[in-house]
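Encoded as structure tokens, the structure appears first; notes follow it.
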Amino acid sequence: MPWWAPYGAGLLALLLSVGVWRALERAEQASVDRAASMSTGMLEAELAGRITSISNALSKLAAHTELLRGIVTKQDGDLEGIRRLAIDAWIFDARRIVETYPSTLSIEFLWADFTWRGALHAPVPTSRPPDPLTERPLVPIKASQNAFDMAREEHGPAISDPFELEGGHVGFRIIEPVFRGQQLDGYISGIVRADDLVGSVIGEQADDYSLLVTADPYVIYPTAAQSRDRNGWLHTGRLDLPGGTTWTLTVGARGKLFTRLNTLLPELFLAGALAISLLIMLSLRFARTASLRTRDLHTLTRELEDRVRARTTELATANSTLRSENELRRLAQRHLARSNDDLRQFAALVSHELRQPLATMQIWSDLLTANFTEALGDQGRGYLDKLAASVARMTRLIEGELKLAHVAYADVTHERVDVGELLEQLAADVEPELSAVRGRIETTELPALDADPAQLQQVFRNLIENAIKYHRPDVPLIISIEGRLVSGSAGESVCEIVVRDNGRGFDTSDADAIFSIFRRLEEETTPGSGIGLAICRRIVERHGGSIAAEGHPGAGATFRILLPAEHDSVPRVAQS
């Protein structure tokens, strides 16, 4: 043993310890990042939902406001009673919005030419003023002119850029246009105090998270009068609102949550590792000294005997290790088979145990709807509709998870598959869905390959159903499928299959995200569970291949599949 060996071993142990310490620190930092990222996503969804709720309320008020155009502008004395009733109805609806959403400071009604305007301000007065529709708005109209223009052009809601309110607060307008046919009559505008809105969303989480919400050039939350502790801010998200306004959310852990996520484990490990490194160095140094003292006592014969014994021991150890490895491999295979069987049984149990209460909820919901519709009223029926929608969505999610689990653990059997014949059968199965969207499938001559026919058919079915789901209503759907044999990176034969459609497409930045489980680009407008493309990727990868997507908004999508043309378990056919 050379003189430097103990010191080198100690230094190596020290370097390894520092590496593990850094890994622990990075793992803890990653946990804080994940917590902040999840909180950012939840806060973005909550804010978007709250703003959408206020916008929907204003939209209903806009629908009721259409009657005012022909009443409040007439001076006929006989219409005074009707005018009073119309104004009272508008005030009643507006007050309900202000009471339901306390962050709403006022609701304004403006004609399209801005020559007449009225407003109902919060807090709601206990006694009604003579005519609230004659009050002036809190903020000049020109502060939100771009949003009014956007609402008029898009025939839909628009969110204005932030503006300053009294007391150092920041507000914004939610604008709903009022149309009579294609003619713009006016606008319903709600002024919302932004910091109140954000504060009501974060609620009790304010003690665990630091939150900064900005919309250039304003700081929406916290306001100037509140604390702006930036310690631990880790994640930044964007909330894009109708009308082009963007809010930036910066979230991080703080307080007890930050302390819980940042422990002393890395420092304690580093201290222990330093002590162990020192002991290793001293032990090796003492061992070297002992070895030097005994080396001269050994004779040449003893050295030869030791070498023979060492060689024999090495062979015996190698044989024992090989037997142990083989036994461990067999044990691992049996354990893996048992685990897969347990997972299948667990999936069946979860399917039964979750579906039964969902089915029971659906039965009771149907009984209530059938027997107590009038007693429930509009609000009760609305609750039942929401319950039925939630049960249906949960059922779809369970079925999607079961499909994914079946693909993940089902055995893959390989046989020679004629892709052209497989697509002909599949086209006949989906003919009713294609006819409904004026669609057709165009194919070229496709090569044969070794694959599981049922799973390969599932891939093509999911891609075709995806194209039907995201078709453009005004354009007949065309699905083109072509394939060819190419050479892989190692010279092997690879089957390349390209599936194209002329549907709605998607943005290139979402090309990988669409294969994620439960990820759907159009949550509100398109039905589904978001599991189909994830199943496609899982099947293709289990066949040893890959699948990639390309998209162009409004111009369709392209899916490129690469699969081995031959499998070792299938006899290969000689090529002519």
For this session: Over all heavy atoms of both residues, which pair between Pro476 and Arg438 is shortest? Give the atoms and the distance, please.
Result: CB-O, 3.4 Å
Exercise. Looking at Ala451 and Val417, what are the two nearest heavy atoms and their distance?
Worked result: O-CG2, 3.6 Å
Exercise. Can you tell me if Thr558 uses its side chain to pair, donor with acceptor, with the backbone of Arg500 under 3.5 Å?
Worked result: no
For this session: Would you mind telling me which of Ile547, Val494, Ile497, Val540 makes a side-chain contact (heavy atoms from CB on, under 4.5 Å) with Leu562?
Result: Val494
Exercise. Is the closest side-chain heavy-atom distance between Leu241 and Thr246 below 4.5 Å?
Worked result: no
Exercise. What do you reckon, is CD of Glu327 surrounded by more than 12 foreign heavy atoms closer than 6.0 Å?
Worked result: yes
Exercise. Under 3.5 Å, side chain of His471 to main-chain N/O of Ala467, donor-acceptor pair present?
Worked result: no
Identify each donor-acceptor pair in which a side-chain atom of residues 315-322 lies under 3.5 Å from a protein atom, sequence neighbours left out, and give them as a table.
residue, atom, partner, partner atom, Å
Thr317, OG1, Thr313, O, 2.8
Asn319, ND2, Leu315, O, 3.2
Thr321, OG1, Thr317, O, 2.7

Problem set entry | Residue pair Ile479, Leu434: steps toward the side chain to side chain contact (heavy atoms under 4.5 Å, CB included) verdict | CA-CA 10 Å; Ile479 303 175; Leu434 283 173; 4.3 Å; yes
Exercise. Looking only at heavy atoms, which two atoms of Ser493 and Leu485 are closest? And how far apart?
Worked result: OG-CD2, 4.0 Å
Exercise. Mind checking what makes side chain to side chain donor-acceptor pair (under 3.5 Å) contact with Glu465, not counting sequence neighbours?
Worked result: none
Exercise. Taking atom NE2 of His414 and atom CD of Glu566, what is their separation to the nearest 0.5 Å?
Worked result: 12.0 Å
Exercise. Rounded to the nearest 0.5 Å, how far does CD of Glu424 lie from CG of Leu446?
Worked result: 10.0 Å
For this session: Could you tell me whether Asp452 and Arg542 make a salt bridge, using a distance below 4.0 angstrom between a side-chain N and a carboxylate O?
Result: no
Problem set entry | Atom pair CD1/CD1 of Ile441 and Ile464 - distance to nearest 0.5 Å | 3.5 Å
Problem set entry | Stepwise side chain to side chain contact (heavy atoms under 4.5 Å, CB included) check, Leu563 with Asp450 | CA-CA 9 Å; Leu563 289 170; Asp450 296 340; over 6 Å; no
Exercise. Can you check whether Val419 reaches Ile481 side chain to side chain, under 4.5 Å on heavy atoms?
Worked result: no
Problem set entry | Separation between OG of Ser546 and CD of Glu496, rounded to the nearest 0.5 Å | 9.5 Å
Exercise. Stepwise, does the side chain to side chain contact (heavy atoms under 4.5 Å, CB included) test hold for Leu456 with Ile539?
Worked result: CA-CA 8 Å; Leu456 187 61; Ile539 292 175; over 6 Å; no
Distance-only donor-acceptor hits, side chain of residues 43-52, under 3.5 Å, sequence neighbours excluded:
residue, atom, partner, partner atom, Å
Glu44, OE2, Arg238, N, 3.2
Arg50, NH1, Ser200, OG, 3.0
Thr52, OG1, Ala48, O, 2.7

Exercise. Got a salt bridge between Arg484 and Glu482, using NZ or NE/NH1/NH2 to carboxylate O under 4.0 Å?
Worked result: no
Exercise. Just wondering, do Glu305 and Val308 contact through their side chains at under 4.5 Å, heavy atoms?
Worked result: no
Seminar exercise, completed: Closest non-hydrogen contact found for Pro447 with Cys495 is CG-SG, 3.5 Å
For this session: Evaluate the side-chain proximity of Leu249 to Val198: yes if any heavy-atom separation is below 4.5 Å, no if none is.
Result: no
Exercise. Would Arg537 and Asp512 pass as an ion pair if we require N to O under 4.0 Å?
Worked result: yes
For this session: List the atom of Ala549, the atom of Ile514, and the distance in Å for their closest heavy-atom pair.
Result: CB-CD1, 3.7 Å
Seminar exercise, completed: Rounded to the nearest 0.5 Å, the CD1 atom of Ile535 sits from the CZ atom of Phe515 at a distance of 13.0 Å
For this session: Can you measure from CD1 (Ile159) to CH2 (Trp247) and round to the nearest 0.5 angstrom?
Result: 8.0 Å
For this session: For a side-chain contact (heavy atoms from CB on, under 4.5 Å) with Thr250, tell me which candidate from Val213, Leu211, Leu212 qualifies.
Result: Leu212
Exercise. Do Gln458 and Asn462 have side-chain N/O donor and acceptor atoms under 3.5 Å apart?
Worked result: yes
Problem set entry | Working for side chain to side chain contact (heavy atoms under 4.5 Å, CB included), residues Tyr470 and Asp501 | CA-CA 10 Å; Tyr470 292 98; Asp501 65 68; over 6 Å; no
Exercise. Would you call Ile478 and Glu442 a side-chain contact if the rule is heavy atoms closer than 4.5 Å?
Worked result: yes
For this session: Mind listing the closest non-hydrogen atom pair of Pro242 and Pro157 along with its distance?
Result: CB-O, 3.7 Å
Exercise. Just wondering, do Leu423 and Gln457 contact through their side chains at under 4.5 Å, heavy atoms?
Worked result: no
Problem set entry | Under 3.5 Å: donor-acceptor pair, side chain of Arg440, backbone of Ser435 | no
Exercise. Can you check whether Asn502's main-chain N or O pairs, donor with acceptor, with Arg472's side chain at less than 3.5 Å?
Worked result: yes
Problem set entry | Backbone of Lys469 reached by a side-chain donor or acceptor of Arg504 within 3.5 Å | yes
